[in-house]
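Numbering of ligands and ligand atoms starts at 1, following listing order.
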Amino acid sequence: MTVLYPVTQRSRAITLADTRIGGRLNTAVRRSFALFDNLLKSAPLDSKSHRQDHSLRLLNNIPVICHQGFDTRLLEVAIALHDIGVFYSQAMDHGRESAFRIRPYLVNEVGVTPDEADKICSMIRSHHEYEWPSDNSPEAIALRVLDCLDAFGVIGVYRFLEVYDRRGLQPTEALPKAIASLEQRRQVIIDSWFHPDDLAIIEARYQEARGILTETRMDLDASRPRVIISLKGIDWDLSRLPELFDTGLPTYANSFFHRLHSALLNSACSL
Ligand SMILES: [Fe+2]
Ligand SMILES: [Fe+2]
């Protein structure tokens, strides 16, 4: 088994997606991303916030989890494939759809055993089951926690707004819902195990996301959801984010776009 991350001997210099993972992916994960790409080609839906950079950030953050003894290889495969269901279903809990789509290919294309394939699917099915998880194995908990973590910070705010817009929620409904979901995900994280040194960073990223969402809500109270309108204007395509810089938007909106751009550059991931 290839373990990429020194979970028990982690370097404190590496924390929360500060490194690039490109070039360090093992064979099973590379095959998983190839499967993701293939399934994406025939998928009827799109989501700019659930592309491979999301999974790469989760992979980068595995060292945040300080639990010893989980099967890192299975966790990595599950991370790479957990959100493919988003591209096939608008259902809020797309974990079952993801598992259904990948199960026929896991053994032959990723190279795991049938038992491992079942475990991976079980982890993926439960990745949004926050209250009554059907899988509470260490790997399943790790997937849930890492996924929740990517809802924090400026990138998390962008992801919330993209998801709710794609589901057709009006901003008046989306913003309070995002703030509530942020709180729920925070609870999932603090109920789980972490390296103590990371807790302050996690809390800061939670507060950062909450602050931006609250400011965006104030924007909405003024009947001008300019942050959301602007992001829709670039079709949620973050490669076009610089088009929104310094275009006369309120200071907090301009600041959000610049911070988002900077965070994406810092966590840039390539396969
Ligand atoms: Fe998901
Ligand atoms: Fe996810």
Side-chain angles (χ1 to χ4, degrees), residues 16-17 21 25 29 32-33 35-37 39-40 43-62 64-65 72 74-103 106 119-137 139-167 169 174 177-178 180-189 192 202 205-206 209 236 238 263-264 267 269 271:
L16 292 180
I21 199 167
L25 299 177
V29 182
S32 300
F33 276 121
L35 174 58
F36 186 98
D37 270 346
L39 290 169
L40 202 57
L45 305 172
D46 192 17
S47 170
K48 298 285 195 314
S49 71
H50 287 85
R51 298 255 174 186
Q52 290 175 340
D53 63 305
H54 166 55
S55 290
L56 286 166
R57 286 192 298 273
L58 268 58
L59 290 170
N60 271 340
N61 285 335
I62 287 179
V64 171
I65 306 293
T72 308
L74 296 192
L75 173 60
E76 289 172 347
V77 170
I79 285 173
L81 292 163
H82 75 285
D83 274 335
I84 191 64
V86 169
F87 300 86
Y88 286 86
S89 167
Q90 289 281 21
M92 202 128 85
D93 186 353
H94 46 262
R96 291 180 182 279
E97 183 72 25
S98 296
F100 170 74
R101 295 286 165 183
I102 65 170
R103 184 60 183 85
L106 281 176
K119 284 182 188 167
I120 290 163
C121 286
S122 172
M123 293 158 59
I124 289 176
R125 272 195 294 272
S126 74
H127 85 270
H128 282 296
E129 295 173 348
Y130 300 140
E131 292 189 9
W132 304 103
S134 57
D135 188 340
N136 261 326
S137 64
E139 294 86 357
I141 294 172
L143 177 60
R144 276 197 294 279
V145 170
L146 291 164
D147 197 44
C148 286
L149 192 56
D150 207 39
F152 289 6
V154 286
I155 294 175
V157 171
Y158 160 78
R159 299 192 67 242
F160 271 122
L161 298 179
E162 193 272 347
V163 167
Y164 290 145
D165 181 62
R166 181 167 40 80
R167 289 186 187 151
L169 268 66
K177 196 174 169 72
S181 179
L182 196 68
E183 185 63 49
Q184 186 182 37
R185 287 164 197 253
R186 177 176 181 249
Q187 198 59 46
V188 169
I189 290 176
S192 303
I202 291 162
R205 292 203 177 184
Y206 163 79
W236 300 97
L238 291 174
L264 287 163
S267 66
C269 302
L271 290 176

Contacts of type side chain to side chain contact (heavy atoms under 4.5 Å, CB included), residue Ser122, not counting sequence neighbours: Arg125, Asp135

Worked verdict on Lys48 versus Asp53 for salt bridge (charged side-chain N to carboxylate O under 4.0 Å, His left out): CA-CA 10 Å; Lys48 298 285 195 314; Asp53 63 305; over 6 Å; no

Electrostatic pair Asp46-Arg51, nearest N-O below 4.0 angstrom: yes

Exceeds 12 heavy-atom contacts within 6.0 angstrom, atom CZ of Phe100: no

Partners passing side-chain hydrogen bond (donor to acceptor under 3.5 Å, both in side chains) against Arg186 (at least two apart in sequence or in another chain): Glu183, Glu203

Partner residues of Phe36 under the side chain to side chain contact (heavy atoms under 4.5 Å, CB included) criterion, sequence neighbours left out: Leu40, Gln52, Leu81, Ile84, Phe87

Of the protein N/O/S atoms, how many lie under 2.8 Å from the Fe ion (ligand 2): 4

